[in-house]
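For the numbers below, each heavy atom of this structure counts, side chains included, while hydrogens, waters and symmetry mates do not. The shown structure was predicted, so the numbers you read here are calculated from the model rather than taken from an experiment. The chains referred to below are lettered A, B, ... by the order of the sequence lines, with proteins before strands, and numbering in each begins at 1.
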Protein chains: 2
Amino acid sequence: MEDVAARAGVSRALVSIVFRGVTGASDETRGRVLEAARELDYRPDTRASRLGRGRTRMLGVTFAVGHAFHGEILGSLYSEADSAGYEIVLSGVTPVRDDRAAVDTLLAERCEGLVLVGSGLASTDLRRLGDGLPVVSLLRPVREAQVDVVRTDDALGLRLAVEHLRGLGHQRIALLDGGRAPGAAERRQGYRRGLRVSPGLDEVVLDGGLTELDGARAATAFLALGGERPSAVAAFNDRCALGFVDVVRQAGLRVPEDVSVVGFDDIEQAAYPHVALTTVRQDAARLGAEAVRAVTSRLDDATGPEGGPTPDGAVVEPELVVRRSTAAPPHGEAS
Amino acid sequence: MEDVAARAGVSRALVSIVFRGVTGASDETRGRVLEAARELDYRPDTRASRLGRGRTRMLGVTFAVGHAFHGEILGSLYSEADSAGYEIVLSGVTPVRDDRAAVDTLLAERCEGLVLVGSGLASTDLRRLGDGLPVVSLLRPVREAQVDVVRTDDALGLRLAVEHLRGLGHQRIALLDGGRAPGAAERRQGYRRGLRVSPGLDEVVLDGGLTELDGARAATAFLALGGERPSAVAAFNDRCALGFVDVVRQAGLRVPEDVSVVGFDDIEQAAYPHVALTTVRQDAARLGAEAVRAVTSRLDDATGPEGGPTPDGAVVEPELVVRRSTAAPPHGEAS
DNA sequence: CACTTTGACTAGAGCGCTCTAGTAGTCCAG
DNA sequence: CTGGACTACTAGAGCGCTCTAGTCAAAGTG
């Protein structure tokens with residue numbers, strides 16, 4: 001910086017002014033400084049600038065490395081933060097690097113707010129964190145008053161799925177359950193509510209999970225049901241649905257002719273023409289936007305790090321995307 | 001820090017000593033400082049500490065957000081960097097945030113070295129980058145002398161695949177090509193070499209790509225081949241292979257009875273029992289380790305940012321993993 | 001004409017650390 | 001009792017910025 005200032009024949013302060021893009025420099029000088037910087041291949045040190053500024057305007061984000069849907073969310077987070085004038089600092093969660101470690105590095109970097117994407121952090125940790133700075137839990141509903149929750153209306157999503165299947169005439173609809181995964185409890189509840197609307201529909205809950213493997217296992221259980229077999233299933237998520245479809249097809253069943261399947265998330269693969277999975281779309285862009293809004297509003301409203309008294313956060317509505325994995329049930333089972 | 005020092009009744013310098021874990025403090029004082037820090041919920045500001053230290057010991061990593069295999073690599077990068085005494089700074093590449101933007105933020109943070117995972121950065125940018133600091137291109141072979149390359153021996157991988165298929169008796173073996181994807185040229189070459197070993201084997205190259213969708217398209221082209229149809233295919237990667245399998249199965253062909261398929265990468269799904277894809281495994285752990293080694297060795301050897309005269313980097317050998325998507329060709333086509 | 005105003009620029013303190021140089025105090029050899 | 005050789009600790013400059021409080025000249029005002 002010193003060198004740039006010297007080369008441009010100005011003070012260091014002036015260089016700072018130019019690079020921050022604030023007023024206080026003539027166009028001509030501005031040009032000279034930029035030119036000198038380019039010649040010296042100088043670029044401001046963001047660490048030092050944040051140190052000097054007092055604020056960091058950094059948002060810390062933890063996410064599961066290699067998780068497709070988290071990836072989509074990150075994309076949205078990046079652009080939303082950018083337009084809100086914040087920077088994103090990523091901290092990945094891996095098998096050897098848990099949520100706490102990920103959060104710790106973000107705190108040590110002095111992030112002003114945290115977005116935890118599908119984090120499995122313990123309640124006590126969450127509470128403590130939320131007391132210190134604005135925190136939003138993305139995709140995972142938590143009850144702690146200290147953290148905002150941004151999530152899809154999971155229950156509504158499964159109700160939509162069930163209603164769609166009922167509308168096609170299905171009487172027996174199974175759930176491939178998500179167990180303890182984030183949002184699973186809500187989806188289970190939505191499934192139950194969806195069934196109760198018309199009395200006489202039995203609940204059939206099979207153990208599912210997050211991955212194709214879980215879906216495949218559920219399919220094995222499903223096939224073992226024999227005559228009592230449901231004509232449709234709603235899966236915890238798309239990957240689970242895809243694993244299920246794979247296995248039932250290998251067993252000779254046709255989808256959707258013999259069994260209808262609906263997923264959740266609307267991951268990229270669900271839309272591929274050879275897959276064409278009917279699913280409940282989570283809006284990654286909206287989710288990211290709401291998360292950034294929730295944390296930046298706390299930051300910008302100067303209510304201080306204690307957080308406002310009103311819990312912020314948002315529930316974004318999912319949308320049913322009908323493709324070709326669902327149809328009316330076989331041989332006049334309808335109504 | 002000031003407060004902690006006051007509370008523990010020592011100087012700020014002493015607090016610094018304790019937190020850096022260097023000698024120069026008695027055990028008793030050390031305990032008092034740590035205690036005081038805990039009470040005040042103090043944790044050192046890593047930005048300031050790196051500023052003061054002169055060195056940052058940070059490794060910048062760019063990666064494609066939501067890419068499963070990149071995810072596996074990140075995991076390895078984290079732990080390797082940790083044991084080499086470096087910290088990882090992530091910078092995601094998304095549709096709205098290209099490689100250059102990702103790299104720029106890393107440079108502004110003053111990372112000392114860069115690991116570009118499957119980066120699509122232009123040659124001129126790569127050269128300029130490599131002139132300034134140690135850079136390794138992971139998974140993508142580039143010719144620039146300024147950057148080290150750590151990659152799987154892609155050509156060998158495809159040769160293994162082809163040899164395996166030939167060993168099973170396949171005469172016509174197609175390649176689902178990766179086009180311009182990183183490593184695709186090498187794999188194509190390996191495929192050709194593999195075929196040339198026994199004369200009379202025709203090359204059949206179908207357009208493939210990185211995703212299931214590309215594999216599905218290739219399958220359509222494959223099915224259209226009719227009587228001339230190969231009895232086996234080697235795909236650019238697992239996702240492509242999986243898409244291919246999906247579509248040929250839907251068309252009534254059996255895998256492996258009617259057509260054998262081998263993938264590349266060995267992603268998690270390839271190992272699922274209902275998938276059981278024969279594939280060429282890339283060793284994510286080794287790749288990550290080599291990348292970290294390449295860049296830290298340049299850093300630690302104090303050869304300066306100019307880099308040593310000998311290009312570093314590594315080629316790690318892939319391994320064929322035989323599962324159940326490959327078998328002998330149908331009706332005595334063998335030999 | 002003396003006066004405020006405005007725009008362009010600078011000096012220098014401060015951000016939260018690290019680290020060199022140096023000050024005590026203790027222990028022991030000669 | 002003097003003088004190393006340690007160990008435990010501290011003062012204070014420095015890292016590369018930001019930003020407040022200024023200076024100074026030119027332009028506008030009545």
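Within a 6.0 Å sphere centred on CZ of A:R55, other residues, nucleotides and ligands contribute more than 12 heavy atoms.
Protein atom CZ of A:R20 is 18 Å distant from nucleotide atom P of D:dG16, rounded to whole Å. Residue B:F19 contributes atom CZ, which lies 15 Å from atom P of C:dG16 at whole-angstrom precision. In this structure, A:M1 places its CE atom 16 Å from C1' of D:dG14, rounding to the nearest Å.
Within residues 45-60 of chain B, the residues approached by DNA chain D to less than 4.0 Å at the level of any non-hydrogen atom are B:L51, B:G52, in residue-number order.
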Review point. What one-letter contact string describes nucleotides 22-28 of chain D from 5' to 3', where B marks a base within less than 4.0 Å of any protein heavy atom, S marks contact via sugar-phosphate atoms alone, and - marks no contact?
Key: -------
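Judged by distance alone, with hydrogens and angles left aside, the side-chain atoms of A:T296 form a donor-acceptor pair with the main-chain N or O of A:V292 at under 3.5 Å. Using a distance-only test at 3.5 Å, with no hydrogens or angles considered, a donor-acceptor pair links the side chain of A:Y78 to the main chain of B:G92. Judged purely by atom type and a 3.5 angstrom limit, A:R57 uses its side chain to pair as donor or acceptor with the backbone of A:G85.
Residues meeting the side-chain hydrogen bond (donor to acceptor under 3.5 Å, both in side chains) test with B:R140, sequence neighbours left out: none.
In this structure, B:T94 OG1 and A:E72 CD are separated by 11.5 Å, a value rounded to the nearest 0.5 Å.
Heavy atoms only, all atoms of each residue included: B:F19 and B:A37 are closest at CZ-CB, 3.6 Å. Heavy atoms only, all atoms of each residue included: A:V150 and A:G313 are closest at CG2-CA, 4.2 Å.
B:L138 places none of its side-chain heavy atoms less than 4.5 Å from the side chain of B:L116. Taking the side chain as every heavy atom from C-beta outward, A:L133 and A:E112 never approach each other to under 4.5 Å.
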What pairs of nitrogen or oxygen atoms, one from the protein and one from nucleotides 5-12 of chain D, lie under 3.5 Å apart?
{"from": "D:dC9", "atom 1": "OP1", "to": "B:T29", "atom 2": "OG1", "distance (Å)": "2.7"}
{"from": "D:dC9", "atom 1": "OP2", "to": "B:S26", "atom 2": "N", "distance (Å)": "2.9"}
{"from": "D:dC9", "atom 1": "OP2", "to": "B:S26", "atom 2": "OG", "distance (Å)": "3.2"}
{"from": "D:dC9", "atom 1": "OP2", "to": "B:T29", "atom 2": "OG1", "distance (Å)": "2.9"}
{"from": "D:dT10", "atom 1": "OP1", "to": "B:S11", "atom 2": "N", "distance (Å)": "3.2"}
{"from": "D:dT10", "atom 1": "OP2", "to": "B:S11", "atom 2": "N", "distance (Å)": "2.7"}
{"from": "D:dT10", "atom 1": "OP2", "to": "B:S11", "atom 2": "OG", "distance (Å)": "2.6"}
{"from": "D:dT10", "atom 1": "O5'", "to": "B:S11", "atom 2": "OG", "distance (Å)": "3.4"}

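An OP1 or OP2 oxygen of D:dC17 is reached within less than 4.0 angstrom by no side-chain nitrogen or oxygen of A:S16.
Fit an axis to the five pairs at each end of the helix from C:dC1-D:dG30 to C:dG30-D:dC1 and the two axes sit 50° apart, to the nearest 10 degrees.
Contact check on A:E186 versus A:R151 returns no salt bridge, with no Lys/Arg side-chain nitrogen under 4.0 Å from an Asp/Glu carboxylate oxygen.
Using the six-membered ring where Trp is involved, A:F63 and B:F63 have ring planes that are parallel, under 30° apart on the 30 and 60° scheme.
Applying the salt bridge (Lys or Arg N to Asp or Glu O under 4.0 Å) test to every pair with at least one member in residues 10-27 of chain B, sequence neighbours left out, gives no pairs at all.
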